[in-house]
2 protein chains.
Amino acid sequence: MDSAPPAPPSSPPSSAPSSPWLPFESRRRARDEKREAVLRAAVQLFLEQGYHRVTLNEVAERLNITKPALYNYFRGKDEILFECWSMGAELVDSVITEINAGGGSGLAKLRKLVHAYAALMATDFGASLVRFDLRDLTERNAAVARDAKKRIDATFRRYITGGIADGSIGPCDPKLAAFAIAGALNWIGHWYRRDGALSPTEIADEFTVRLTEGLAAESRQQMTKKTPRAPQRRDSGRKTPGKKRTGATR
Amino acid sequence: MDSAPPAPPSSPPSSAPSSPWLPFESRRRARDEKREAVLRAAVQLFLEQGYHRVTLNEVAERLNITKPALYNYFRGKDEILFECWSMGAELVDSVITEINAGGGSGLAKLRKLVHAYAALMATDFGASLVRFDLRDLTERNAAVARDAKKRIDATFRRYITGGIADGSIGPCDPKLAAFAIAGALNWIGHWYRRDGALSPTEIADEFTVRLTEGLAAESRQQMTKKTPRAPQRRDSGRKTPGKKRTGATR
DNA sequence: ACTTTTTCTTACCCGTGGGTAACATATCGG
DNA sequence: CCGATATGTTACCCACGGGTAAGAAAAAGT
């Protein structure tokens, strides 16, 4: 989209015959693009057929290259899996960051989170958060993933406890409420089909209502059509948001 | 668990010299018991480590036998997986049958189902319903499993539409409501730990409230402590209820 | 044009683990 | 005590797929 062209400082008028201006940045850029192409192909195959049934040959084939070429970008199959997972985690993180930046009651924040999270589960990288088995990762990477999961869960609970505190949410056990909500959301990643009858927006809208209506303190107003101004992330196949790369470790 | 290694099954009184009283039945019985012992060992390992990381040698070893012995009871690894899954499916089926037999409003039935299903997700065979990948099965068996899943989902929806019809449940989209509820329940199978802080009963009780409070038509009474007289299934490690065996097909 | 570096291919290795064959041992029926 | 059946063992096969080595081929740098 935007992806500003390399923007070489004080660009020379190209007339110069031998002028390697942009290779520095451009080179790294091309590499990252290929790397991400691998991830997109991989996540799709992994979701379609399951990690263990996908061979690196298949992944490579889909990219019109051969297996060993993949090893220029990743150290092994499990690292590809981890990076796919990480992409999803980064999406969630950025959603949370955005919600935290904004204001609102605990209930309002929770609704935003539910809405955005539901929509995320309908994307490849989002679904990879719940469809991949962390036991396929190295212990090191699995630990990173567990940590991220814990942070997400903590956020759900934080919004709920916050909501109870500020009176927007009625009394309940935050732990179990968070489990229930997160469970319903995560499950989307298992049943959602691109070619199904339900659009991500429909799902997100309905779930926002359904999963929080029971919690609202008293106000029995069905906010049925008050889509809670969700950030409406446009993530369709876009590049990773400018965040520090996590980097698989092993 | 028990896994009594020597396990001399129902020793015959031996006093009578030639008295084959039970061989006919007893023989088949011993076989079925061993078969089920295999399933118990397998489901545990599969849940612990994941299907693909469990070798048949490990399963056999845990039973103090060797791999080829397993082939006396099952035709292959995938059939063991399917039978584990089937055990869970049978448990759900018997729950549903029982609820259908009883009366009550749509909401009441739904609550019973939620309660029993939640408790089921905290058992090995129950969790196998949502933790195993149907793509590991033969196409034939996968079809059977998909069918069973569809029936379960249909039951959730039926109770909800029934509840809307009889007025016990407020207007809502049964499809999405069922997805939300089933999702929250299924997720239990992913996070529940035997050694965790939450007991199956606690979870079942709380989820019964949490997942249905939003649906109740009007009665805004927080039934906070009115545990809805759930059938209190005692399924802890019991044998499969006497139901027709499904039998893996391939 | 030349070297150097990056990228990708062909050809191979080899551990793993599901499955099988052949043989041993109970167990049972008689 | 003797076949027949069921149950289990030891020893093996071999397809599969992740990973590597060695060297083209293509860019990049000079």
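Predicted, not measured: the structure shown is a model, and the values here were computed from it. Chain letters run A, B, ... following the sequence lines, proteins first and then strands; every chain starts at 1.
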Flag if over 12 foreign heavy atoms under 6.0 Å of CD, B:Glu61: no
Would you mind checking if B:Glu58 and B:Lys67 are paired as a salt bridge, meaning a charged N to carboxylate O distance below 4.0 Å? no
Length of the line joining B:Arg35:CZ and D:dT7:C1', which is rounded to integer Å: 15 Å
Between the protein and nucleotides 6-9 of chain C, list the N/O to N/O atom pairs that are separated by less than 3.5 angstrom.
residue, atom, partner, partner atom, Å
C:dT6, O4', A:Arg27, NH2, 3.4
C:dT6, O3', A:Arg27, NH2, 3.4
C:dT7, OP2, A:Arg31, NH1, 2.7
C:dC8, OP1, A:Lys34, NZ, 3.2
C:dC8, OP2, A:Tyr73, OH, 2.6
C:dT9, OP2, A:Thr66, N, 2.7
C:dT9, OP2, A:Thr66, OG1, 2.5
C:dT9, O5', A:Thr66, OG1, 3.3

Can you list, in residue-number order, the parts of residues 46-60 of chain B that come under 4.0 Å of DNA chain C, counting heavy atoms only? B:Val54, B:Thr55, B:Leu56
Cation over ring face, A:Lys77 and A:Tyr51, 6.0 Å, 45°: yes
Figure out the CZ/P separation between B:Phe74 and D:dT7, and round it to whole Å. 13 Å
Give a yes or no on this: more than 12 heavy atoms of other residues, nucleotides or ligands lie within 6.0 Å of atom CD of A:Gln49. yes
Is a salt bridge present between B:Arg135 and B:Asp78, judged by a nitrogen-to-oxygen distance below 4.0 Å? no
Write down the distance between CG (B:Leu45) and C1' (C:dG17), rounded to a whole number of angstrom. 15 Å
For the pair B:Asp153 and B:Arg157, find out whether any cationic side-chain nitrogen is under 4.0 Å from an anionic carboxylate oxygen. yes
With sequence neighbours excluded, residues passing side chain to side chain donor-acceptor pair (under 3.5 Å) with B:Arg53: A:Asp133, A:Asp136
Between A:Glu98 and A:Lys112, does at least one N-O distance fall below 4.0 Å, as a salt bridge requires? no
